[in-house]
Amino acid sequence: MLRTGFSVATTMAAFLLVFTVSERAQNLGTHALITRAIDEKHLVALAGNTRPEANRLNDLGPVENDLRLDMYLQMKRSPEQELAARQFVESLTDNHSPNFHKWITAAEYGRRFGAAPDDIAAVSRWLESHGFRVNGIPSHNMVIDFSGTAGQVREALHTEIHYLNVSGKRYFANMADPQIPETLLPAVAGVVSLSNLGPHPMMTPKAQYTINPSYYGVVPNDLATIYNLTPAFAAGYTGLGQTIVVVEDTDLYSGTADWGAFRKAFGLTQYTSGSLTQVHPSSASGGVCSDPGVNSDSIEAAVDVEWASAAAPNAAIVMASCQGSTNFGGFVALQNLLTNGSKLPGAVSVSYGLSETETGAAMNAYINTLYQMA
């Protein structure tokens, strides 16, 4: 599910990710939207892509020119192609449609609904002309993975990257909406992120917990009661043979130790096929996944793997994590899982949150495309 409104945050939100090639899949094709030579003298601002925290009160001054940024450039479809993509996704879960459960691969999705190869090539050449490095194009053909420095961003995108003091923590972000040649606008939605103010954990730890008539402790049996899982478990639907991936930007603090203690304490060890592994999914093209190590988000990750196991106690839980910077590590992990050609999980859970009104138009478009592909 993709929760819309003021938040993109899902706790134990399952995305069906089982793709098979449909013989009925039609080739809708793509056509180039960039039809004129790129003219650097005529620029247009990509509105709605400056974080509200990037203001004078928080400003600590420009970052170093050589500060490295790993970025995604989100491509744009024509209105007709966008409509076709949405209708196709909706048809996959419509049992009256001939497309019902006729899943396709990420590569097929890219061929039918991705940006035109000529547009990707034109935008890539433009990025490289400004010194950026194009790292690759994921197979859904909606993102260009590229990297460069803050100095190159200032020269090519006409916005400065500054350090910010936000609630006592140091971040960086662009201080104005980026600008691109007007010629590129039909095919470019924007730069997904020029800041490290990304999705954040939804868990708020407290030093002490008091159980009273107003505050109740919740355990796996409560989850089973609230969501009526107990009859499913009794009927043998326990997640056996299924894989659930939780995407994170950290490693677990104790490996599988806390997860194992959780299962033992709450009687889940009776389901003997349950397992937990940690992976850092590589990419077929772009989206390099580095081991993030253990950071402050490890508390969120621990809760995610534990409660995924509570909901499906016999399932294989896989924690997929990548190091984040301007690109949220959890989204890098999900994108790589979807596009690198490896076996796909049955479900994916994302628990981190961010406000759609604050994160920027390009990031919202990126998340929408990522979830749509899933």
Side-chain angles (χ1 to χ4, degrees), residues 34 37-75 119-138 143-166 169-185 187-198 249 283 285-290 292 322-329 331-332 358-363 365-366:
I34 300 172
I38 297 174
D39 183 357
E40 298 277 1
K41 295 180 181 179
H42 293 88
L43 304 175
V44 60
L46 298 168
N49 287 292
T50 304
R51 297 278 310 198
E53 299 92 341
N55 58 55
R56 185 171 58 184
L57 292 177
N58 294 334
D59 192 0
L60 297 177
V63 302
E64 301 80 7
N65 275 340
D66 60 356
L67 177 69
R68 176 185 169 87
L69 303 175
D70 296 311
M71 297 161 280
Y72 292 143
L73 190 140
Q74 178 70 28
M75 301 296 289
D119 286 341
I120 292 174
V123 175
S124 296
R125 287 193 300 268
W126 174 74
L127 289 170
E128 290 171 339
S129 73
H130 287 279
F132 293 114
R133 176 179 177 180
V134 174
N135 300 312
I137 315 295
V143 165
I144 298 176
D145 182 306
F146 74 107
S147 56
T149 66
Q152 290 166 334
V153 166
R154 183 178 62 250
E155 185 273 330
L157 299 173
H158 308 279
T159 183
E160 289 194 354
I161 309 296
H162 284 207
Y163 286 118
L164 305 173
N165 182 353
V166 181
K169 295 183 179 180
R170 194 184 195 193
Y171 298 93
F172 63 79
N174 54 302
M175 299 302 290
D177 287 336
Q179 300 178 52
I180 61 172
E182 186 178 17
T183 315
L184 300 178
L185 188 59
V188 173
V191 181
V192 171
S193 178
L194 291 170
S195 81
N196 60 351
L197 285 155
D249 64 349
S283 66
S285 178
V288 174
C289 180
S290 302
C322 298
Q323 184 173 1
S325 56
T326 48
N327 299 324
F328 173 55
F331 288 155
V332 174
E358 295 178 355
T359 195
M363 174 67 90
Y366 172 75

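Only a predicted model underlies this, so the values are computations on that prediction, with no experimental measurement involved. Residues take their numbers from the sequence shown, with the count starting at 1.
Here the CG-CE distance, from Asn135 to Met71, works out to 9.0 Å after rounding to the nearest 0.5 Å. Remark: Glu160 CD to Arg154 CZ distance equals 6.0 Å, nearest 0.5 Å. Atom CD of Glu40 and atom OG1 of Thr183 lie 8.5 Å apart (nearest 0.5 Å). Atom-to-atom distance recorded for Ser124:OG and Ile144:CD1 is 3.5 Å, nearest 0.5 angstrom. Between the CE atom in Met75 and the CD1 atom in Ile120 there is a gap of 5.5 Å [rounded to 0.5 Å]. Between the OH atom of Tyr72 and the CZ atom of Phe146 there is a distance of 11.5 Å, given to the nearest 0.5 Å.
Shortest non-hydrogen contact noted between Ser195 and Leu197 is OG-N, 3.2 Å. Taking each heavy atom of Trp126 and Pro181 in turn, the nearest pair found is CZ2-CD, 3.5 Å. The two atoms that bring Gln152 and His130 nearest to each other are CG-O, 3.8 Å, heavy atoms only. Nearest heavy atom pair, residue Glu53 against residue Leu164, reads O-CD1, 3.7 Å. Between Ala189 and Ala362, the shortest heavy-atom distance links the atoms O-CB, 4.3 Å. When all heavy atoms of Gly190 and Leu46 are compared, the pair lying nearest together is CA-CD1, 3.7 Å.
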Verdict with supporting geometry, Val123 and Leu184, side chain to side chain contact (heavy atoms under 4.5 Å, CB included): CA-CA 7 Å; Val123 175; Leu184 300 178; 4.2 Å; yes

Assess whether side chain to side chain contact (heavy atoms under 4.5 Å, CB included) is satisfied between Phe132 and Val153, documenting all intermediate values. CA-CA 9 Å; Phe132 293 114; Val153 166; 4.1 Å; yes

Take Leu73 and Leu127 through the test side chain to side chain contact (heavy atoms under 4.5 Å, CB included) and record every step on the way to the result. CA-CA 10 Å; Leu73 190 140; Leu127 289 170; 4.2 Å; yes

If you apply the rule side chain to side chain contact (heavy atoms under 4.5 Å, CB included), what do you find for Val134 with Asp145, and how did you get there? CA-CA 6 Å; Val134 174; Asp145 182 306; over 6 Å; no

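Residues Leu60 and Asn58 have side chains not in contact (no heavy-atom distance under 4.5 Å, counting atoms from C-beta outward). Side chains of Gln74 and Val191 form no contact here, defined as non-hydrogen atoms less than 4.5 Å apart.
Listed by first and then second residue, the side chain to side chain donor-acceptor pair (under 3.5 Å) pairs that reach into residues 169-182 are Thr50-Asp177, sequence neighbours excluded.
A side chain to side chain contact (heavy atoms under 4.5 Å, CB included) with Leu194 holds for exactly one of Ile161, Thr326, Asn49; it is Ile161.
A salt bridge links Arg68 with Asp70: the distance from a Lys NZ or Arg NE/NH1/NH2 to an Asp or Glu carboxylate oxygen falls below 4.0 Å.
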